[in-house]
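Encoded as structure tokens, the structure appears first; notes follow it.
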Amino acid sequence: MRSGTQPLLGLLLLLSLQGSPLTEACSCAMTHPQDAFCSADIVIRAKVVGKKLLRDGHFGTMRYTVKQMKALPYVKAQARPMPTLALEDVLSAPSAATGARPEELAAYRHYSPTKLLELCTASLQSQLMYKGFEKVQHVQHIYTDASEGLCGVKFDINKYQYLITGRVYDGKVYTGLCNFNERWERLSLAQKKGINHRYQLGCNCRIKPCHYLPCFVTSKNECLWTDMLSHFGYPGYQSRHYACIQQKEGYCS
């Protein structure tokens, strides 16, 4: 009996080890889109057009080739920072979607939709970059871990426009599951407005997560983020519709 049970126990142990994950799962703290924007080195809107697995490291690195969306030319002509515009933003709800004032869009009122489309698609190499101009002039590749267990992110090829945020190391852009990466059409209008203009106005503010009651702000530059109380740990209404912007005398709301 004893000689028969030892191989059986050994087999059960082997099967249990085979069924166990050998790599740690990716774990990310919840982040408000504004915090993700402010902490990122670079924020772009792009279409992923290709990928290649690079055999470096244990699991490898996935290199995605991206094609950045075309921006309207007035952005580069302004001396002060301006929101970056894309065609569908201008045609649907120009002021609300982009954060630009009506007078800033007045120069384009005489353009037909065809002319605007020409401006927006004349050069597929031009940039729609919301943040990161000082670190990299143009993004051709995005790097991420090939393994999702190591927080590698997967993008669909030639399907969607993505908002991509990440870090820059040695001139290369890296992103992962803990960065804010989302299909553009899934973003709310308030999030698009935030990315275009408003989020950068609140980078000196602190968004304070509220995981359980009671919770309070402890300084004038804080805004409470309470999505976790009503959405079981998932980002909710405030993430999609609110920004924390610095007001007069340094107060944020």
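Note that the structure is predicted; figures quoted are calculated from it, not measured.
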**OP:** Would you check if Tyr64 and Lys154 make a side-chain contact, meaning some heavy-atom pair closer than 4.5 Å?
**Re:** yes
**OP:** Verify, without hydrogens or angle tests, whether Tyr162 (side chain) and Asp156 (backbone) share a donor-acceptor contact under 3.5 angstrom.
**Re:** yes
Original post:
Any link between Leu177 and Ile44 through a network of hydrophobic side chains (Ile, Leu, Val, Met, Phe, Trp, Tyr) touching at under 4.5 Å?
Top reply: yes
Original post:
Do Leu53 and Arg55 have side chains that get closer than 4.5 Å, going by heavy atoms?
Top reply: yes
**OP:** Decide whether Phe133 and Val136 are clustered together by the hydrophobic rule: side chain heavy atoms of Ile, Leu, Val, Met, Phe, Trp, Tyr closer than 4.5 Å, transitively.
**Re:** yes
Original post:
Roughly how far apart are Phe59 CZ and Glu148 CD, rounded to 0.5 Å?
Top reply: 12.0 Å
Subject >> Nearest-0.5 Å distance that lies between atom SG in Cys203 and atom CZ in Phe37 >> reply: 6.0 Å
Subject >> Sidechain-backbone polar pair: Lys135 side chain, Ile42 backbone, donor-acceptor under 3.5 Å >> reply: no
**OP:** Taking ring-ring contact (aromatic ring centres under 6.0 Å, His included) as the test, write out the residues that go with Tyr242, two or more places apart.
**Re:** Tyr237
Could you give the side-chain donor-acceptor pairs of residues 246-253 under 3.5 Å, partners two or more places apart or in another chain?
{"from": "Gln247", "atom 1": "NE2", "to": "Ile245", "atom 2": "O", "distance (Å)": "3.2"}

**OP:** Identify the heavy atoms of His211 and Met228 that sit nearest to each other, and give their distance.
**Re:** ND1-CG, 4.0 Å
**OP:** Report the C-alpha distance between Cys244 and Gln34 in whole Å, list the side-chain angles of each, state the deciding distance to 0.1 Å, and finish with yes or no for side chain to side chain contact (heavy atoms under 4.5 Å, CB included).
**Re:** CA-CA 8 Å; Cys244 180; Gln34 178 175 316; 3.8 Å; yes
Subject >> Reported CG-to-NZ distance for the pair Asp35 and Lys208, which is rounded to 0.5 angstrom >> reply: 13.5 Å
Original post:
Considering residues, nucleotides and ligands other than Lys51, do more than 12 of their heavy atoms fall under 6.0 Å from its NZ?
Top reply: no
Original post:
Do you know the tightest heavy-atom contact between Tyr160 and Lys47?
Top reply: O-CG, 3.5 Å
Original post:
Do the side chain of Arg198 and the main chain of Gln191 share a donor and acceptor less than 3.5 angstrom apart?
Top reply: no
Original post:
Mind checking what makes ring-ring contact (aromatic ring centres under 6.0 Å, His included) contact with Tyr174, not counting sequence neighbours?
Top reply: Tyr143, Tyr169
**OP:** Please report the C-alpha distance between Lys131 and Tyr199 in whole Å, then the side-chain angles of each, then the deciding distance to 0.1 Å, and finally whether the side chain to side chain contact (heavy atoms under 4.5 Å, CB included) criterion is met.
**Re:** CA-CA 11 Å; Lys131 185 181 179 184; Tyr199 287 162; over 6 Å; no
Original post:
Taking atom CD1 of Ile164 and atom CZ of Arg45, what is their separation to the nearest 0.5 Å?
Top reply: 11.5 Å
Subject >> Hydrophobic cluster membership, Leu201 vs Ile195, 4.5 Å side-chain cutoff >> reply: no
Original post:
Would Glu222 and Phe216 count as a side chain to side chain contact (heavy atoms under 4.5 Å, CB included) if you check the C-alpha gap in whole Å, the side-chain angles of each, and the deciding distance to 0.1 Å?
Top reply: CA-CA 9 Å; Glu222 290 182 344; Phe216 310 96; over 6 Å; no
**OP:** Taking the side chain as every heavy atom from C-beta outward, state whether Pro209 and Met30 have any pair of such atoms under 4.5 Å apart.
**Re:** no
**OP:** Examine Val49 and Phe155 and state if one hydrophobic cluster contains both, with Ile, Leu, Val, Met, Phe, Trp and Tyr joined whenever side-chain heavy atoms are less than 4.5 Å apart.
**Re:** no
Original post:
For the residue pair Val168 and Val173, what are the closest heavy atoms and their distance?
Top reply: CG2-CG2, 4.2 Å
Original post:
Where the side chain of Asn181 meets the backbone of Val153, is there a donor-acceptor pair that is under 3.5 Å apart?
Top reply: no
Original post:
Do the side chains of Val43 and Leu187 join up, straight or via other hydrophobic residues, at under 4.5 Å, putting them in one cluster?
Top reply: yes
**OP:** Could you verify whether a donor N or O on one side chain and an acceptor N or O on the other, from Asp145 and Ser147, lie under 3.5 Å apart?
**Re:** no
**OP:** Please lay out, stage by stage, how Cys178 and Cys26 fare under the test disulfide (SG to SG under 2.5 Å).
**Re:** CA-CA 8 Å; Cys178 294; Cys26 176; 4.1 Å; no
**OP:** Only counting residues at least two apart or in another chain, list the ones meeting ring-ring contact (aromatic ring centres under 6.0 Å, His included) with His141.
**Re:** none
**OP:** Give a yes or no answer on whether the side chain of Asn179 reaches the backbone of Ala36 with a donor-acceptor pair at less than 3.5 Å.
**Re:** no
Subject >> From CA spacing to verdict: disulfide (SG to SG under 2.5 Å), Cys151, Cys28 >> reply: CA-CA 9 Å; Cys151 296; Cys28 307; 4.4 Å; no
Original post:
Sequence neighbours excluded, which residues qualify as salt bridge (Lys or Arg N to Asp or Glu O under 4.0 Å) partners of Arg63?
Top reply: none
**OP:** State which residues pass ring-ring contact (aromatic ring centres under 6.0 Å, His included) with Phe180; sequence neighbours excluded, sorted by chain then number.
**Re:** none
Subject >> Euclidean distance, Thr65 OG1 relative to Asn158 CG, rounded to 0.5 Å >> reply: 10.5 Å
Subject >> Check: Val66 and Val139 side chains under 4.5 Å, non-hydrogen atoms >> reply: yes
Subject >> Interatomic spacing from CG in Leu163 to CZ in Arg186 - rounded to 0.5 Å >> reply: 13.0 Å
